[in-house]
> 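Structure in structure tokens, see below.
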Amino acid sequence: MFEAENPSLKSVPLAVQQKHIIVTCNYEARRRVTGSPHHLHCSSLNSLISSTQGLRKLQLITEARKTCPEVVIVLGEELTRFRDASKLLYSFLRAFSWNDRAERLGFDEVSLCQVLRHEGYVGLIAANIQVWMDISDMVDYNIDVINRSDLQNSFFHLSREDPTVGFAFNATQYAGHTFPQSVIGDSTANDDSSSSLRLRLMLGSQLALHLRHQLEEVYGYTSTVGVSTSKLLSKLVGNTNKPRGQTTLIPPYDLDNTNESSIRAFLDDYEIGKIPYIGHKLAHKMREHILGRPARCDNYDAGFSDSESKELVTVGQVRQVPEMSVEFLNKLLVGPGFAHDSGSRIFALLHGVDDSEVAKGRNVPRQISIEDSYLRLDSMDHVVKELKMLASRLIERMRIDLTEARAGDEGDRHSKDDPSAAVRRWIGRPESLRLTTRPRMPINADGTRTRTFKRVSRSSPIPSFVFSLSENADIADRLVMEALIPLFKRLHPERRGWDLSLMNVAVTNMIDTASESKGATGRDIESMFKRQNTVLDEFRVKEEESLISTDVVPGGKDKGSMLEEPANGYYEDDAVSDASAEDFVYWCHACDQRMPAFAKVAHERFHDMSR
DNA sequence: CTGTTCAAG
DNA sequence: CTTTCTTGAACAG
């Protein structure tokens with residue numbers, strides 16, 4: 001992102017700092033090797049790695065400066081710019097999709113990834129975000145309409161409606177790199193399914209190249225892409241030509257154990273922990289079992305053991321253990337937190353099989369959380385102060401990510417992007433509030449402290465005043481007093497003796513109010529309309545209640561109460577918490593009815609239906 | 001629905 | 001001070 005804003009930075013080693021560590025860095029910084037040769041002789045695994053590989057993620061700043069004194073360090077505590085850049089790129093890519101299968105993975109990274117399905121997927125990678133895209137339908141369509149007698153001069157259609165939208169390309173070759181580098185079994189594998197897959201992948205790679213060009217032309221972001229038939233394969237193959245390159249995994253894809261499969265060859269040399277969905281817990285269990293019993297040097301960090309030590313365990317090794325079977329893995333991979341189907345899932349992954357779907361794009365996130373870590377947090381005063389900070393930032397995030405400028409009044413440019421403007425409507429409503437802490441362990445007998453990263457949390461229904469669009473600080477303070485402190489006391493009833501290394505406050509259990517309105521079927525609309533009068537009464541009652549007790553009220557559990565489904569919530573500023581001012585905020589001029597704002601969309605739909 | 005664990009970046 | 005700040009999915013009870 002910094003590079004995109006200032007291209008000259010690409011040649012200087014750049015790192016982003018959060019607290020006392022490097023949280024991410026650019027390729028230049030990762031490439032840098034230290035000039036002092038004695039580092040290479042150092043016996044410490046740690047400094048050996050850092051001296052041979054340049055900067056890493058999660059490296060201490062002190063160590064980073066040692067390995068690369070000329071590194072430019074920028075502060076990265078403020079994540080809004082990253083989020084903005086991420087959102088921009090994501091929505092740009094998503095707009096190309098026909099089926100809206102565009103899944104975002106992370107946003108603070110320097111690479112992105114996309115997918116095509118065998119009868120299925122393609123992949124792509126860019127800057128700042130990782131995204132998978134299922135472009136099967138686009139590939140299908142273009143294969144249907146392609147002119148097979150003149151493949152060199154093909155045209156890729158980016159729109160089904162407008163045949164002029166698209167780009168010219170050569171459908172007889174892959175764009176970018178391939179893996180393996182040269183085509184295997186060129187003459188042998190000319191059977192129908194293999195050659196049709198070849199063509200599909202070629203189209204996928206050409207689309208990927210087009211998207212990468214666009215990303216660079218329009219936003220100045222370089223990108224890296226992997227093209228294959230699943231999320232697993234496209235992501236892995238995308239890593240092979242790392243900065244600013246794209247790679248397509250080419251057939252034969254034979255998954256049956258016979259034959260040479262480029263998938264098998266590609267997968268078998270991977271360290272087990274580098275396979276997506278195999279994190280340090282699963283990797284550890286498998287290493288343990290194939291290395292005989294002991295798993296040394298583990299320290300639950302895949303980053304260490306995979307590099308050069310003898311602990312390197314590959315996919316091939318695991319796959320070839322004699323007892324290998326789904327049942328075997330199911331027995332091996334049990335424990336709290338492991339999915340019930342871990343065994344079969346991992347078995348499939350080891351064989352290059354991943355049938356998980358690319359998730360549909362979302363307009364609202366599932367949850368929003370804000371957290372901060374502390375060297376020392378052991379007094380109630382301090383906790384309250386920090387909770388206010390967190391709550392305020394959370395409210396800000398909610399307004400950015402869960403509201404949009406209200407349609408209709410386009411004239412007011414100011415309110416368009418101002419998240420605190422009164423003229424906004426909520427497109428998502430969280431129903432729960434959660435407070436998480438990470439208590440520091442008490443001091444051991446020998447003076448050391450056993451490090452733990454265990455978190456504990458408590459949650460409660462969210463008070464409705466957080467949806468008011470009045471002054472942020474007011475709402476934040478109230479949220480702390482009426483909801484967060486009670487949660488805190490549930491977590492830590494003792495008034496003293498604790499010391500927290502982290503606090504996180506989150507809104508969860510998100511209701512997507514925008515697509516919720518679409519969910520209502522036509523037949524239901526009329527009954528909804530008939531029900532309106534009773535609903536309106538409830539609305540008034542509930543609002544009065546909410547004025548009196550807005551704190552953690554377990555009473556609001558009755559299903560069907562209006563507070564639970566203000567689906568299409570239009571909220572005038574303060575309309576919720578100050579219901580007395582204006583009980584009915586929408587006035588339908590067609591039938592001269594007044595109603596609460598959240599009823600507006602459904603009501604309009606009612607009129608649409610009867611036309 | 002609540003609280004925890006794993007995974008990813 | 002070998003861990004920052006998130007998000008999403010899944011499980012048990």
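The sequence lines fix the lettering, A, B, ..., with proteins before strands; numbering per chain opens at 1.
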> I'd like a table of atom pairs between the protein and nucleotides 10-13 of chain C - only N or O on both sides, under 3.5 Å - with the distance next to each one.
unit_1: dC11(C); atom_1: OP1; unit_2: His340(A); atom_2: N; d: 3.2

> Base, sugar-phosphate, or nothing for Ile368(A), non-hydrogen atoms under 4.0 angstrom?
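Counting heavy atoms under 4.0 Å across all strands, the contact made by Ile368(A) is with sugar-phosphate only.
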> Within the pair Ser457(A) and dT4(B), is there a side-chain N or O less than 4.0 Å away from OP1 or OP2?
yes
> OP1 or OP2 of dA9(C) less than 4.0 angstrom from a side-chain nitrogen or oxygen of Arg366(A), does that happen here?
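Answer yes for this pair, as a side-chain N or O of Arg366(A) is under 4.0 Å from OP1 or OP2.
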> Once side chain to side chain donor-acceptor pair (under 3.5 Å) is applied, do any residues pair with Thr247(A), and if so which ones, sequence neighbours excluded?
Thr240(A), Asn241(A)
> In whole Å, measure the gap between the P atoms of dT2(C) and dA7(B) for me.
23 Å
> Taking only the side-chain nitrogens and oxygens of Arg104(A), find out if one of them lies under 4.0 Å from OP1 or OP2 of dT6(C).
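Answer no for this pair, as no side-chain N or O of Arg104(A) is under 4.0 Å from OP1 or OP2.
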> To the nearest Å, how far apart are Met503(A) CE and dT3(C) P?
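Going from Met503(A) (CE) to dT3(C) (P), I get 20 Å.
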> Base, sugar-phosphate, or nothing: which does Arg440(A) touch, judged by heavy atoms less than 4.0 Å apart?
nothing
> Under 4.0 Å: is that the gap between some side-chain N or O of Ser459(A) and OP1 or OP2 of dC1(B)?
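It does not, given that no N or O in the side chain of Ser459(A) lies less than 4.0 Å from OP1 or OP2 of dC1(B).
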> In whole angstroms, how far is the P atom of dA8(B) from the CD1 atom of Ile278(A)?
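Result: 8 Å.
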> Rounded to the nearest Å, what distance is computed from the CG atom of residue Asp354(A) to the C1' atom of nucleotide dA7(B)?
14 Å
> For Arg376(A), answer base if it contacts any base atom (sugar-phosphate contacts may also be present), sugar-phosphate if it contacts only those atoms, and nothing otherwise; contact means non-hydrogen atoms under 4.0 Å.
nothing
> OH of Tyr277(A) versus P of dA7(B): gap in Å, rounded?
13 Å
> Which of these nucleotides, dT7(C), dT4(C), dA8(B), is closest to any side-chain atom of Ser369(A)?
dT7(C)
> Could you list all the salt bridge (charged side-chain N to carboxylate O under 4.0 Å, His left out) pairs where at least one residue sits in residues 329-352 of chain A, not counting sequence neighbours?
Arg345(A)-Asp354(A)
> Using a heavy-atom cut-off of 4.0 Å across all strands, would you classify Arg458(A) as base, sugar-phosphate, or nothing?
sugar-phosphate
> Select base, sugar-phosphate, or nothing to describe what Ile275(A) touches, counting heavy atoms under 4.0 Å on all strands.
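Sugar-phosphate contact only.
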> So, taking the atom named NZ in Lys274(A) and the one named CG in Leu267(A), what distance separates them when rounded to the nearest 0.5 Å?
13.0 Å
> Which nucleotide sits closest to the side chain of Val456(A): dT2(B), dT7(C), dT4(B)?
dT4(B)
> Round to a whole Å and report the spacing from CE of Met389(A) to C1' of dC5(C).
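Going from Met389(A) (CE) to dC5(C) (C1'), I get 14 Å.
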> Which listed nucleotide (dT6(C), dA7(B), dT5(B)) is nearest to the side chain of Lys454(A)?
dT5(B)
> Taking CZ from Phe453(A) and C1' from dC6(B), how many angstroms apart are they, rounded to a whole number?
16 Å
> Does Arg345(A) put a side-chain nitrogen or oxygen below 4.0 Å from OP1 or OP2 of dC6(B)?
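Answer no for this pair, as no side-chain N or O of Arg345(A) is under 4.0 Å from OP1 or OP2.
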> Which nucleotide in the set dA7(B), dG8(C), dC1(C) lies at the smallest distance from any side-chain heavy atom of Pro365(A)?
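Ranking dA7(B), dG8(C), dC1(C) by closest atom to the Pro365(A) side chain puts dG8(C) first.
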> Salt-bridged, Glu103(A) to Lys360(A), with N to O below 4.0 Å?
no
> Closer than 4.0 angstrom, basic N to acidic O: yes or no for Arg376(A) and Asp499(A)?
no
> Under 4.0 Å between a side-chain N/O of Arg490(A) and OP1 or OP2 of dG3(B), yes or no?
yes
> What residues form a salt bridge (charged side-chain N to carboxylate O under 4.0 Å, His left out) with Arg362(A), not counting sequence neighbours?
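If we apply the salt bridge (charged side-chain N to carboxylate O under 4.0 Å, His left out) test to Arg362(A), skipping adjacent residues, there are no hits.
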> Got a salt bridge between Glu371(A) and Arg455(A), using NZ or NE/NH1/NH2 to carboxylate O under 4.0 Å?
yes
> Is the distance from OP1 or OP2 of dC1(B) to the nearest side-chain N or O of Ser432(A) less than 4.0 Å?
no
> Rounded to whole Å, please give me the gap between CG in Leu435(A) and P in dT4(B).
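Rounded to whole Å, this separation is 11 Å.
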> Return the value, rounded to whole Å, for the distance between atom CZ of Arg362(A) and atom P of dT6(C).
19 Å
> Give me each pair satisfying salt bridge (charged side-chain N to carboxylate O under 4.0 Å, His left out) with a member in residues 87-96 of chain A, each pair once, sequence neighbours excluded.
Lys87(A)-Asp401(A), Arg94(A)-Asp100(A)
> His382(A): which residues meet the side chain to side chain donor-acceptor pair (under 3.5 Å) condition with it, sequence neighbours left out?
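Counting only residues at least two positions away or on another chain, His382(A) forms a side chain to side chain donor-acceptor pair (under 3.5 Å) with Glu386(A).
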